[in-house]
Structures are given as structure tokens and as C-alpha cells.
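Proteins come first, then strands; the chains are lettered A, B, ... in the order of their sequence lines, and each starts at number 1. Note that this is a predicted model, so its numbers are computed, not measured.
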Amino acid sequence: MTEPEILSAPLVLEFPFSRTTGPVIGAFLTGLREKTVVGMRGADGRVICPAVEYDPETGAPLTELVELSDTGTVTSWTWVSQPRQGQPFARPFAFALVQIDGADTAMAHAVDVADATEMSTGMRVRARWAVEREGLITDIECFEPELAR
Amino acid sequence: MSEIAELPEGLWYQPDVDTSQIPAIAGVEAVRSIRVPARVEYLYTPGRAPTRFLRALAEKRIMGERCPVTGKVYVPPRGVSPVVGLPTEEQVELGHRGTVTTFCVVDIAFTGQVTETPFVSALVLIDGADITLHGLIQGIPPADVRPGMRVEAVWVPDDELSTSFENIRWWRPSGEPDVDPDTIREYL
């Protein structure tokens, strides 16, 4: 029996999820829509950003929101030389952990610089806000070096 | 190490948060729901046996493969008997009719469905096969579908045939009498 040429075809799985945010994530996303970064005070007094619903150590429900700035410090980063579809930029960029000023934890986001040589741990960054904001993490388009403007 | 907090007894819901200290979000409509579509793109390579199956489907034929030990016919074939682990080398052409074994009536609409609700999603034991295959049932009110019902494949028009399982649009009643439930007991 001769084997036919093996078939191959694109297969796309797509799920149109929507989810309710709850009061805490909702407050964080509402903040982004209003160009304000919101964190949550944990049971031990630390500020966690993005805001979380329960204390990571004790599991206690948290309710004390904290307004933060839109600047921060890169604590870790990686260079994306070949971006994939759906990522923040079609051009090379960095994914970084950014510790927002006033927060004790870091959040993942993109940093827009031209080249990896412009990235460093400890560098100061500022949020670049999207013009159209609707309450999503992408309301922060990316972070950029603080001295860029 | 901190002590782990306990949830209170009874009905529990997340406590509301106080936004009054944050002017930017205190007086505005809060975000309550977000759309987070998920999408993954694959390049699907079915392998040798499913390729044989799909190429036969493009010729409007349904091909299964037989286990060399048990004699059972599997469709769609995976090239290996799932019971004994040996290659299924014998090709078996199956009929275009079958028997509904189990089914469910889908009443709730969802994105991507191919027919209007309510519709019936069923497992069909194709004549000559020893395993059921998933298909839609049309041409009969959902409430009248039953295990043991005989159905026949409804194919797409010949000029639309391709190497796709979607060649079989759905199954409809063939008009034959129901089979004795005992004959499909193994599949219920």
C-alpha cells in the first residue's frame, strides 16, 4: 500500500470568554481606565500591585486599596526579539517585572525601547497610557524609560 | 510563617472594597466585567491513518481500520488498535448509515455552533464499525430522537467535498425501524 501524502491544515481554537472582575480586580481595572495604578495593602502592611483579592501569606480577604504612581523600577526583564501575534508590539520589545513606586511587589508588562542594550535591571520606567482606555491591562500600552519625556 | 485565615461559615462572598480614598475611581462607574477572548492557532497534522480516513472522505467514503487481534473496526482510525497496540493494517469501508446510541439535546446557544438551537448532538454507530462517532442529528424534532434510531449521513454537495470531517453535515432518520436496544447495549 502506498502512503498518501500526509495532510496538514490550520486549526484555530477560539473561546470568546468574558469574566466578571469582582470588586478588587474591578477597582484595579477601573483605576487603569482612569490613568491611576491601584494596589492593595496586605495583612502585613505590604502593598501588592496589581491589587489582589486575598493575602498571599494568610489568605485573608483584603479591602484596603492604595493609590500608587505610574512610575516604577524594572526588577527583571527579558528581550523579545521575535514578537508573536497578540503580543504588545510587532517590533522587538522587553517583557519586564515593574515594581511600581509605593508597591512591594512587581507586575509584568512590556517595556518599549529600541534595543536590548537600553534595558537594565533597576532602570526607571513610566507607564505610557493608551489613548482609548476601557478597563484592561492594555490600558497601560507599555512602560517606557522615565527620562523619555 | 503566618497563620492561615479561615473563611467564615455559611454563604461567603468577597467583601466590597472602599474606593473613597482614591478620587480617580471613587465617583465613576466601576469595571465589573471584561472580555478576555482566548485564541490558539495550531498546524494540525493528523498522521498516516487519519490522513487515509480524510482522503477517503473526500471521495465520499467512510474508511475504518480493523484490529488484527479482536477484529474490531475503529473509525476514525488512529493506525493502532487501542486495545492490543498493534497496527490496524486492514482497511474497512463502512456504510453511510448508522444507529444513534446516545445523544444530548443542546438548548443553550454558544459561539461557533453550526445549527440553531435546539439541536441534537449524538454518538452514531456507523454500520460496520465497532466504535461510535460524533455527529449532529437533523430532520427530526429533538424530542423524538432516541437510542436505537437508524440514521443516514447527509453529505455536503459533491463539489464541496474536501479532506474534512465536515463533509458529513449531519445525520437524518433513514426510515428504517429502530434496532433492538440489546444490540447496542455495549455502546450505551
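- Between the side chain of B/Arg55 and the backbone N or O of A/Glu5 there is at least one donor-acceptor pair closer than 3.5 Å.
- The contact between A/Arg33 and chain B is made entirely by side chain atoms (from C-beta outward), counting heavy-atom distances below 4.5 Å.
- Between chain B and the residues A/Val24, A/Leu32, A/Thr63, the largest count of heavy-atom pairs under 4.5 Å involves A/Thr63.
- Atom-to-atom distance recorded for B/Ile34:CD1 and A/Ile25:CD1 is 8.5 Å, nearest 0.5 angstrom.
- The parts of A/Thr20 that come within reach of chain B are both its backbone and its side chain, each placing non-hydrogen atoms under 4.5 angstrom from that chain.
- For the atom pair CD (A/Glu64) and CG (B/Asp18), the distance works out to 9.0 Å, reported to the nearest 0.5 Å.
- Side-chain N or O atoms of A/Thr21 include one that pairs as donor or acceptor with a backbone N or O of B/Val31 at under 3.5 Å.
- For A/Leu136, the part lying near chain B is the side chain, with the backbone staying farther off; criterion is any non-hydrogen pair under 4.5 Å.
- Note that the CD atom of A/Glu134 and the CZ atom of B/Arg35 stand 6.0 Å from one another [nearest 0.5 Å].
- For A/Leu62, the part lying under 4.5 angstrom from a heavy atom of chain B is the backbone only.
- Looking at A/Val66, the atoms closer than 4.5 Å to chain B (heavy atoms on both sides) all sit in the backbone: N, CA, C or O.
- With values rounded to the nearest 0.5 angstrom, A/Leu68 atom CG is found 8.0 Å from B/Ile22 atom CD1.
- Atom CD1 in A/Ile6 sits 8.0 Å away from atom CZ in B/Arg52 (nearest 0.5 Å).
- Residue A/Val38 forms a side chain to side chain contact (heavy atoms under 4.5 Å, CB included) with just one option from B/Thr19, B/Val17, B/Ile25, and that option is B/Ile25.
- Side-chain contact check for A/Ser8 and B/Thr45: at least one donor-acceptor pair (N or O, by modelled atom type) lies under 3.5 Å.
- Between A/Leu11 atom CG and B/Tyr44 atom OH the span is 8.0 Å, to the nearest 0.5 Å.
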